Amino acid sequence: MIKKLVVSVAAVSLLAVLVFGSSATSYVSTSAERVSQAVEDSVPIEFHIDRARKMVRDLEPEIRRSMHVIAKEEVEVANLDERIKKSEAKKSKEKSDIMRLQSDLKTGKSVFRYAGHEYTAGEVKQDLSRRFARFKTSDATLGSLSDMRDARQRNLDAARQKLATMMSSQRQLLVEVENLQAKLKLVEVAQASSDLQLDDSQLARAKGLITDIRARLDVAANLVDDD
């Protein structure tokens with residue numbers, strides 16, 4: 001049937017070019033659409049349902065891939081949290097050391113003793129300057145890590161939501177496919193019932209015979225009564 005349709009379209013296309021010239025494109029396009037629709041209608045519904053079921057199940061690899069990406073990103077975010085925690089501890093210690101040196105310099109002493117070594121006020125000031133520079137670097141690094149962690153956490157939350165939506169949609173689609181399958185079975189049963197032709201001629205003949213016998217018996221009974 002499909003082969004005949006294709007041949008017919010080819011013939012119509014050739015005829016359209018010969019007859020309609022530049023207008024033939026619209027005729028050919030219309031014919032092609034009709035053939036496409038005819039082919040689509042000729043495919044059994046059961047095939048379309050199986051195809052839909054396969055398409056829904058083919059979402060599984062993408063779901064697994066998304067789960068793998070999310071799991072990997074969760075590890076990265078956890079590592080960033082650990083780095084931030086260590087950076088905060090380091091920053092806190094550096095700040096405490098700086099405040100201690102500043103407090104010592106305010107005493108006006110010329111010599112200071114730390115860890116068994118003596119340092120002049122000038123040396124302490126230089127050390128304080130270096131420590132403050134490192135503190136600023138640590139503070140900037142901590143800010144960058146926090147921004148990076150926040151951005152990746154937002155992406156992770158969005159990916160989790162997308163995965164949850166995808167999984168929910170897949171489950172819903174599977175249910176809808178099975179509902180379509182059940183509906184198809186009901187339609188097939190209804191079609192089978194409507195196509196079922198029962199031969200009731202024998203029944204009609206039996207009824208006629210019984211009616212005839214009853215009538216003859218009634219006649220016989222009336223004759224007996226008359227006698």
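These numbers were taken from a predicted model, which means no experiment stands behind them.
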Full working for side chain to side chain contact (heavy atoms under 4.5 Å, CB included) between N155 and E73: CA-CA 9 Å; N155 292 336; E73 190 64 15; 5.5 Å; no

D50 vs K54, salt bridge (charged side-chain N to carboxylate O under 4.0 Å, His left out): CA-CA, chis, key distance, verdict: CA-CA 6 Å; D50 290 341; K54 183 178 183 303; over 6 Å; no

R65 and E62: CA distance, side-chain angles, deciding distance, salt bridge (charged side-chain N to carboxylate O under 4.0 Å, His left out) verdict: CA-CA 5 Å; R65 189 193 69 82; E62 179 62 23; 2.9 Å; yes

From CG (L142) to OG1 (T137), nearest 0.5 Å: 12.5 Å

Between CZ on residue R171 and CG on residue L59, distance to nearest 0.5 Å: 12.5 Å

Residue F132 excluded, over 12 heavy atoms near CZ under 6.0 Å: no

Side chains of D157 and Q161, donor plus acceptor under 3.5 Å: no

Transitive ILVMFWY side-chain link L174 to M67, under 4.5 Å: no

Test applied, side chain to side chain donor-acceptor pair (under 3.5 Å); reference residue, D81; option that passes from Q153, R149, K86: R149

Under 3.5 Å: donor-acceptor pair, side chain of S138, backbone of R134: yes

Side chain to side chain contact (heavy atoms under 4.5 Å, CB included) partner of K90, the single match among E88, K93, E94: E94

H117/R113 under side chain to side chain contact (heavy atoms under 4.5 Å, CB included): CA gap, chis, key distance, verdict: CA-CA 5 Å; H117 299 280; R113 189 175 184 84; over 6 Å; no

Joint hydrophobic cluster, I63 plus L173, side-chain heavy atoms closer than 4.5 Å: no

Distance (rounded to the nearest 0.5 Å) between K95 NZ and F135 CZ: 6.0 Å

Shared hydrophobic cluster, L105 / Y114 (ILVMFWY, side-chain heavy atoms < 4.5 Å): yes

Distance-only polar pair, side chains of Q170 and R57, donor-acceptor under 3.5 Å: no

Contact summary for I70 and A159, nearest pair of heavy atoms: CD1-O, 3.6 Å

Rounded distance (nearest 0.5 Å) linking atom CG of N79 with atom CD of E74: 12.0 Å

Donor-acceptor contact present, side-chain S144 to main-chain A140, <3.5 Å: yes

Check: residues 209-216 side-chain donor-acceptor pairs under 3.5 Å, at least two apart:
residue: T211; atom: OG1; partner: K207; partner atom: O; Å: 2.9

D127, L101, T107 screened by side chain to side chain contact (heavy atoms under 4.5 Å, CB included) with F112, the one that passes: T107

Shared hydrophobic cluster for L156 and M167 (ILVMFWY, side-chain gaps under 4.5 Å): yes

Salt bridge (charged side-chain N to carboxylate O under 4.0 Å, His left out) between R131 and D97, worked out: CA-CA 8 Å; R131 288 175 181 270; D97 292 342; 3.4 Å; yes

Heavy-atom side-chain contact between Q102 and L128 under 4.5 Å: yes

Heavy-atom pair of closest approach, residues S87 and L145: OG-CD1, 3.7 Å

Check: S110 and T120 side chains under 4.5 Å, non-hydrogen atoms: no

M166 CE to S66 OG distance, which is reported to the nearest 0.5 Å: 4.5 Å

From NE2 (H48) to CG (L184), nearest 0.5 Å: 11.5 Å

